[in-house]
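Written below as structure tokens is the structure these notes are about.
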Amino acid sequence: MSSWTQLYLTGLPETLTPTDQDIESALDNSYQLSTDNNLQWAGIGTTLIKRNPDGIARGFGFISFHSKEGALAAMERINNCTLTIAETTIVQLKAEVSTPKKKLKKEGDIGKELPDLRCKRRRGAPVRKHPVIRSSDGKKTNLGNKTK
């Protein structure tokens, strides 16, 4: 059974001008992603280029494949060739297999994976800023030194 595999691409230009579609078509044309059936590329629209809120590319992205073997073959092609985008920008990309982030654990599981975690010393009871002092008439007061 095959599963989805993503390649993590670095070295993309950090500009506004090549759109996601331009970069995706340049990847397809340069590395024959759609014409080579052995690669099993997921297709147009599955490439993700990360951008800032301003729309400027952050210099990395992801490209999806239906099989790990196809992703590894494409990774060799990408690492050994340059990419020409919009006939003016030539870049050397670096590709590696993307490893997904680990899912967050439940709150009860946090202590189980950190057995050597040292806890701080238990905190004592809070100390009152103003001690309780008996006033001149013998009653307790919270006024501290300000007695009657």
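Looking at Thr5, Leu33, Thr46 one by one, the single match for side chain to side chain contact (heavy atoms under 4.5 Å, CB included) with Ile63 turns out to be Leu33.
Enclosure of atom CD1 in Ile44 is not indicated, since only 12 or fewer non-hydrogen atoms of other residues, nucleotides or ligands lie within 6.0 angstrom.
We find the CD-CZ distance between Gln40 and Phe65 to be 10.0 Å, quoted to the nearest 0.5 Å. One finds the NZ atom of Lys68 at 13.0 Å from the CD atom of Gln6 (value rounded to the nearest 0.5 Å). Separating the NZ atom in Lys50 from the OH atom in Tyr8 is a distance of 10.5 Å, to the nearest 0.5 Å. Interatomic distance, OG1 of Thr10 versus CZ of Phe60, reported as 10.0 Å (0.5 Å rounding). With rounding to the nearest 0.5 angstrom, the CD atom of Gln32 is 12.5 Å from the CG atom of Asn38. For the atom pair Asn80 CG and Leu93 CG, the distance stands at 12.0 Å (nearest 0.5 Å).
Ser25 and Asp28 are not linked by any side-chain donor-acceptor pair at a separation below 3.5 angstrom, with hydrogens and angles left out of the test. Between the side chains of Thr82 and Gln92, no donor N or O sits under 3.5 Å from an acceptor N or O.
In this structure, the side chain of Ser30 does not engage the main chain of Leu27 through any donor-acceptor pair within 3.5 Å. A donor-acceptor pair under 3.5 Å is formed between the side chain of Glu24 and the backbone N or O of Gly45.
Side-chain contact between Trp41 and Thr35 is absent, with no heavy atoms from C-beta onward closer than 4.5 Å. At a threshold of 4.5 Å between non-hydrogen side-chain atoms, the residues Tyr31 and Leu39 do not count as touching. Residues Val97 and Met75 are in side-chain contact: their nearest non-hydrogen atoms beyond the backbone lie under 4.5 Å apart. In this structure, the side chains of Asn52 and Arg58 come closer than 4.5 Å at one or more pairs of heavy atoms.
Scanning both residues, Pro13 and Val91, for their nearest heavy atoms gives CD-CG1, 4.1 Å. Scanning all heavy atoms of the two residues, the minimum distance from Asn79 to Ala95 falls at OD1-N, 2.7 Å. The minimum heavy-atom distance between Ile49 and Ala57, with the atom names listed, is CG2-CB, 4.4 Å.
Residues Ile78 and Leu72 share a hydrophobic cluster, clusters being chains of Ile/Leu/Val/Met/Phe/Trp/Tyr side chains in contact below 4.5 Å.
Contact check on Arg77 versus Asp36 returns a salt bridge, with a Lys/Arg side-chain nitrogen under 4.0 Å from an Asp/Glu carboxylate oxygen.
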